[in-house]
> 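This is the structure I have questions about; it appears just below.
Worth knowing before you read on, the calculation uses all heavy atoms, side chains too, and leaves out hydrogens, waters and symmetry mates.
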Amino acid sequence: MGIRFILMVNKQGQTRLAQYYEWLTLEERRALEGEIVRKCLARNEQQCSFVEHRNYKIVYRRYASLFFLVGVDNDENELAILEFIHLLVETMDRHFGNVCELDIMFHLEKAHFMLEEMVMNGCIVETSKANILTPVQLLEKT
């Protein structure tokens, strides 16, 4: 298993989307999110986008007002995860038209649906934007 969790967080540190691929209690999730968000948001743009925390490697990237944080196993390829984050943002951009925090807040189910099309049980299973967005577009027609 590669990806353990995906978080989308705004600049104030508020979690807008959280998807976990391993079981953690609500208290553990809350504590983990708080620690990781504080650690990542405190870093400046000159520092690299990889942080080790507990038994995870955190790969993050900022797009506009949103931080995309992905927790992975220590043996996972950081650059591949950065590419995955970019693909996720491009896919959401294609659907929402320049995705922003409000798009995630008001269309949370669509954001989760896109993630579920891309990642299954912590493994990336789909990288085609067209294949990811087709089911979402079909849902909108009904």
Side-chain angles (χ1 to χ4, degrees), residues 1-140:
M1 189 154 116
I3 297 176
R4 299 299 182 157
F5 57 84
I6 299 171
L7 302 173
M8 291 182 201
V9 180
N10 68 10
K11 287 190 282 188
Q12 289 76 35
Q14 299 167 316
T15 303
R16 294 303 179 199
L17 180 143
Q19 181 73 42
Y20 287 86
Y21 299 101
E22 68 177 356
W23 191 86
L24 295 171
T25 66
L26 212 52
E27 293 80 24
E28 290 172 327
R29 288 181 184 193
R30 198 171 298 128
L32 181 68
E33 286 178 26
E35 294 166 7
I36 291 170
V37 167
R38 277 191 299 277
K39 191 178 258 190
C40 291
L41 268 60
R43 296 170 62 88
N44 63 38
E45 291 184 22
Q46 284 74 39
Q47 292 176 299
C48 74
S49 297
F50 318 130
V51 177
E52 291 196 10
H53 182 76
R54 295 187 190 174
N55 57 335
Y56 303 108
K57 188 184 301 179
I58 312 301
V59 181
Y60 69 95
R61 182 111 187 241
R62 179 180 171 190
Y63 286 91
S65 64
L66 280 175
F67 283 86
F68 292 77
L69 298 93
V70 180
V72 297
D73 295 327
N74 283 319
D75 59 346
E76 194 69 35
N77 184 337
E78 299 95 344
L79 296 178
I81 299 302
L82 274 176
E83 191 65 31
F84 165 76
I85 294 171
H86 189 68
L87 173 69
L88 176 60
V89 171
E90 282 185 334
T91 304
M92 290 184 169
D93 275 347
R94 184 178 287 182
H95 181 73
F96 295 117
N98 202 10
V99 68
C100 67
E101 183 180 353
L102 291 175
D103 292 322
I104 303 298
M105 290 173 59
F106 292 126
H107 304 287
L108 187 61
E109 70 287 343
K110 288 181 187 173
H112 273 288
F113 198 77
M114 287 179 212
L115 265 179
E116 289 168 4
E117 288 292 317
M118 297 173 79
V119 181
M120 185 179 296
N121 199 25
C123 297
I124 298 170
V125 294
E126 184 61 72
T127 57
S128 165
K129 292 179 211 132
N131 290 348
I132 295 164
L133 290 174
T134 299
V136 177
Q137 292 161 346
L138 288 173
L139 278 176
E140 288 181 340

> For the residue pair L32 and Y56, establish whether any side-chain heavy-atom pair is separated by less than 4.5 Å.
yes

> Tell me, please, which residues at least two apart from H107 pass ring pair (Phe, Tyr, Trp, His ring centres under 6.0 Å).
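Residues passing ring pair (Phe, Tyr, Trp, His ring centres under 6.0 Å) with H107: F96.
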
> Mind checking ring pair (Phe, Tyr, Trp, His ring centres under 6.0 Å) for Y20 and listing every partner two or more places apart, or none if nothing turns up?
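Testing Y20 for ring pair (Phe, Tyr, Trp, His ring centres under 6.0 Å), a comparison that skips the adjacent residues, returns F5.
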
> With rounding to the nearest 0.5 Å, note down the distance linking CG in L139 to OG1 in T134.
11.5 Å

> Salt bridge (Lys or Arg N to Asp or Glu O under 4.0 Å): which pairs involve residues 102-121, sequence neighbours left out?
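Every pair satisfying salt bridge (Lys or Arg N to Asp or Glu O under 4.0 Å) with a residue in residues 102-121: K110-E140.
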
> To the nearest 0.5 Å, tell me how far M114 CE sits from L17 CG.
10.5 Å

> I'd like to check the side chain to side chain contact (heavy atoms under 4.5 Å, CB included) partners of Q47; sequence neighbours left out, ordered by chain and number.
R43, N44

> Please identify each residue that fulfils side chain to side chain contact (heavy atoms under 4.5 Å, CB included) with N55, with sequence neighbours left out.
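Checked N55 against side chain to side chain contact (heavy atoms under 4.5 Å, CB included); zero matches.
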
> Which salt bridge (Lys or Arg N to Asp or Glu O under 4.0 Å) pairs, counting each pair once, include a residue from residues 83-101, with sequence neighbours left out?
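For residues 83-101: R16-E101, E90-K129.
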
> Taking all non-hydrogen atoms of both residues into account, name the closest pair between A18 and T15 and its distance.
CB-CG2, 4.0 Å

> After noting the C-alpha distance and the side-chain angles of I36 and V51, does the key distance pass the side chain to side chain contact (heavy atoms under 4.5 Å, CB included) rule?
CA-CA 9 Å; I36 291 170; V51 177; over 6 Å; no

> To the nearest 0.5 Å, how far apart are CD1 in I85 and CE in M8?
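Reported value, rounded in 0.5 Å steps: 9.5 Å.
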
> Kindly compute the distance separating CZ (R30) from CD (E28), expressed to the nearest 0.5 Å.
11.5 Å

> Is it true that K57 and E78 make a salt bridge, defined as a side-chain N closer than 4.0 Å to a carboxylate O?
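Salt bridge flag = yes for E78 with K57.
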
> When rounded to the nearest 0.5 angstrom, what is the spacing between CD1 in I6 and CE in M118?
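If I round to the nearest 0.5 Å, the distance is 8.0 Å.
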
> Would you give me the side-chain donor-acceptor pairs under 3.5 Å for residues 63-70, sequence neighbours excluded?
residue	atom	partner	partner atom	Å
Y63	OH	R61	NH1	3.1
Y63	OH	H86	ND1	2.8

> Please collect all salt bridge (Lys or Arg N to Asp or Glu O under 4.0 Å) contacts where either partner lies in residues 31-42, sequence neighbours excluded, each pair once.
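For residues 31-42: E35-R54.
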
> For T127, check side chain to side chain contact (heavy atoms under 4.5 Å, CB included) against everything at least two apart and list the hits.
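If we apply the side chain to side chain contact (heavy atoms under 4.5 Å, CB included) test to T127, skipping adjacent residues, the hits are L87, I124.
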
> State, with a plain yes or no, whether a side-chain heavy atom of F84 is found less than 4.5 Å away from one of V72.
no

> Measure the CD1-CZ distance between I132 and F113 for me, rounded to the nearest 0.5 Å.
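Interatomic distance, I132 CD1 to F113 CZ, rounded to 0.5 Å: 11.5 Å.
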
> For L79, check side chain to side chain contact (heavy atoms under 4.5 Å, CB included) against everything at least two apart and list the hits.
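For L79 the side chain to side chain contact (heavy atoms under 4.5 Å, CB included) partners, ignoring immediate neighbours, are F50, N77, L82.
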
> Hey, mind stepping through I104 and M92 against side chain to side chain contact (heavy atoms under 4.5 Å, CB included) and telling me if it holds?
CA-CA 9 Å; I104 303 298; M92 290 184 169; 3.7 Å; yes

